[in-house]
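Heads up, the thing below is written out as structure tokens.
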There are 2 protein chains.
Amino acid sequence: MRIGELAARAGVSVRSLRYYEEQGLLTSTRSAGGQRHYTQDDVERVAFIQRLYTAGLSSRTITELLPCLDSPSDENSDAAMERMLKERDRLSTHIEDLLRTRDALDVLMIAAQAHRDARQAVA
Amino acid sequence: MRIGELAARAGVSVRSLRYYEEQGLLTSTRSAGGQRHYTQDDVERVAFIQRLYTAGLSSRTITELLPCLDSPSDENSDAAMERMLKERDRLSTHIEDLLRTRDALDVLMIAAQAHRDARQAVA
DNA sequence: CTAAAACCTGACATCAATGTGAGAGGCAAG
DNA sequence: CTTGCCTCTCACATTGATGTCAGGTTTTAG
């Protein structure tokens, strides 16, 4: 498929796909005329990239991780492994952080609700 | 306390504090000479702001939420309440997302480890 | 009083992902 | 073959939080 279709299927912009390629996250074969062609697998790959992006990984970090997905027996997978562990830690910490923030929001909302109820009771 | 001390206590840069004020997230009294002065409460306030920032809220959104912390019985707390609910949802979704991403990473790591073990067994 | 340290405003720089627009060329249907 | 849509590259713009620098003022320690 061409880039427009991949963009539609993966739910990202064409611009982003070209950017991913520029960053070495995605490769494509080119038609005689120079247009990018993709396979079905690339849809999943882009989805995975998106997932990592929304997890807050930079394209730089993703670049280091993806080889592990591509050639899962690489010699240099040691570095990738280390990287993954590190990112997993970061993720866990961040998740904890978000949970605490959500709790804080809940406290705020409960307080606000109490105020509202009190006002209502008076009225 | 002056801005430098607040920055140190809250663990943020002086620059950021001035930015927070510019965005209406933080206020200060001024000395005769024009320097900002803060109270102990501001340390917690900045910490809370930081918490919301790392939760991915924009300063724009935080601005809408903070009045609810300041004057907890405001008439316009309805809007803030709605906003909080919305952000809470967004947070929950994001947390789910991160959990799934972490799981995906785990799968990748297990696969990588299996490969490594296999290699080891052969060697 | 003086010098050093901290502060002030204002402006420009940065980073990362993405948007946007121009000008040119590829590709498929009629 | 032509028309219209899709794609190409290149380059500049944007956003948000923060860094940084410059030139000047305030505060504090000695």
Side-chain angles (χ1 to χ4, degrees), chain A residues 1-39 42-43 45-66 83 87 90 94 97-98 101, chain B residues 1-39 42-43 45-66 83 87 90 94 97-98 101:
Chain A
M1 77 190 80
R2 289 190 292 169
I3 199 171
E5 189 173 346
L6 176 59
R9 291 206 197 176
V12 305
S13 69
V14 167
R15 175 69 173 90
S16 293
L17 293 180
R18 294 204 191 104
Y19 177 73
Y20 297 164
E21 180 168 324
E22 185 183 316
Q23 299 301 309
L25 307 180
L26 189 63
T27 53
S28 58
T29 59
R30 298 296 187 115
S31 76
Q35 300 199 346
R36 294 172 178 83
H37 281 168
Y38 300 95
T39 72
D42 290 321
V43 179
R45 186 183 182 89
V46 170
F48 188 60
I49 292 174
Q50 280 285 303
R51 177 171 295 293
L52 295 181
Y53 264 122
T54 66
L57 305 216
S58 68
S59 61
R60 168 107 173 62
T61 305
I62 300 178
T63 307
E64 296 182 43
L65 252 45
L66 283 184
R83 194 77 206 202
E87 288 306 325
R90 214 187 45 75
H94 194 204
D97 224 49
L98 295 191
T101 304
Chain B
M1 78 190 77
R2 288 190 292 168
I3 199 170
E5 190 173 345
L6 176 58
R9 291 207 198 176
V12 306
S13 71
V14 167
R15 175 69 173 89
S16 294
L17 293 179
R18 291 203 266 254
Y19 177 73
Y20 297 165
E21 180 168 323
E22 185 184 316
Q23 299 301 309
L25 306 180
L26 189 63
T27 54
S28 57
T29 59
R30 297 295 186 115
S31 75
Q35 299 199 349
R36 295 173 177 82
H37 280 168
Y38 300 94
T39 74
D42 290 321
V43 179
R45 187 183 181 88
V46 171
F48 188 61
I49 291 173
Q50 280 285 304
R51 178 171 295 294
L52 295 182
Y53 265 122
T54 66
L57 306 215
S58 67
S59 60
R60 169 107 175 63
T61 305
I62 300 178
T63 308
E64 296 181 44
L65 253 45
L66 282 184
R83 194 76 206 202
E87 287 305 325
R90 212 186 45 74
H94 194 203
D97 225 49
L98 294 191
T101 304

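Note on naming: letters A, B, ... go to the chains in the order of the sequence lines (proteins, then strands), and numbering restarts at 1 for each one. Side chains are part of it too, since the values below use all heavy atoms of this structure and drop only hydrogens, waters and symmetry mates.
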Check the pair A:E87, A:R90 against salt bridge (Lys or Arg N to Asp or Glu O under 4.0 Å), reporting the backbone distance first and the verdict last. CA-CA 5 Å; A:E87 288 306 325; A:R90 214 187 45 75; 2.9 Å; yes
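- When the side-chain nitrogen and oxygen atoms of B:R36 are compared with OP1 and OP2 of C:dT9, one or more of them lie within a distance under 4.0 Å.
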Where do N or O atoms of nucleotides 22-25 of chain D meet protein N or O atoms at under 3.5 Å, pair by pair?
none

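- Residues forming a side-chain hydrogen bond (donor to acceptor under 3.5 Å, both in side chains) with A:S16 (at least two apart in sequence, or on another chain): A:S13.
- Atom-to-atom distance recorded for B:R18:CZ and B:L26:CG is 12.5 Å, nearest 0.5 angstrom.
- Rounded to a whole Å, the CD1 atom of A:I3 is 10 Å from the C1' atom of D:dC8.
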Produce the list of close N/O pairs, under 3.5 Å, pairing protein atoms with atoms of nucleotides 28-30 of chain D; give distances to one decimal.
none

For A:R2 and A:H37, what are the C-alpha separation, side-chain angles and deciding distance, and is it a side-chain contact (heavy atoms from CB on, under 4.5 Å)? CA-CA 5 Å; A:R2 289 190 292 169; A:H37 281 168; 3.6 Å; yes
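- The CG-P distance, from B:L17 to C:dA6, rounds to 16 Å in whole Å.
- The side chain of B:S59 places no N or O atom within less than 4.0 Å of a non-bridging phosphate oxygen (OP1 or OP2) of D:dG16.
- We find that CZ of A:R60 is positioned 14 Å from P of C:dC15, with the value rounded to whole Å.
- Closest heavy-atom contact between B:G4 and B:V14: CA-CG2, 4.1 Å.
- What separates CZ of A:R15 from C1' of C:dA22 is a distance of 14 Å, to the nearest Å.
- For the pair A:L98 and B:T54, the tightest heavy-atom approach, listed with the atom from each and the gap, is CD2-O, 3.9 Å.
- Regarding A:I62, its CD1 atom lies at a distance of 11 Å from the C1' atom of C:dA16, rounded to whole Å.
- In this structure the side chain of B:V43 reaches within 4.5 angstrom of the side chain of B:M1, judged on heavy atoms.
- Across every non-hydrogen atom of A:V46 and A:A10, the tightest pair is CG1-CB, 3.6 Å.
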Tell me, with the steps shown, if A:L65 and A:L57 meet side-chain contact (heavy atoms from CB on, under 4.5 Å). CA-CA 10 Å; A:L65 252 45; A:L57 305 216; 3.9 Å; yes
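- Side-chain contact between A:L66 and A:R45 is present, with at least one heavy-atom pair separated by less than 4.5 Å.
- Nearest heavy atom pair, residue B:I49 against residue B:L25, reads CD1-O, 3.6 Å.
- Contact check, A:S58 against C:dC15: no side-chain N or O comes under 4.0 Å of OP1 or OP2.
- The aromatic rings of A:Y20 and A:Y53 sit parallel to each other, their planes meeting at less than 30°, with 60° as the upper class boundary.
- The phosphate of D:dT18 (OP1 or OP2) has a side-chain N or O of B:S16 nearer than 4.0 angstrom.
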Could you go through A:R36 and A:L6, starting from their C-alpha distance and side-chain angles, then the distance that decides it, and tell me whether this counts as side-chain contact (heavy atoms from CB on, under 4.5 Å)? CA-CA 10 Å; A:R36 294 172 178 83; A:L6 176 59; over 6 Å; no
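- Of the residues in residues 18-32 of chain B, B:R18, B:R30 come within less than 4.0 Å of DNA chain C through at least one heavy atom, sorted by number.
- When the side chain to side chain contact (heavy atoms under 4.5 Å, CB included) test is applied to B:S58, the partners found at least two apart in sequence or on another chain are B:R60, B:T61.
- Listed by residue number, the members of residues 47-55 of chain A with any heavy atom below 4.0 angstrom from DNA chain C are A:Y53.
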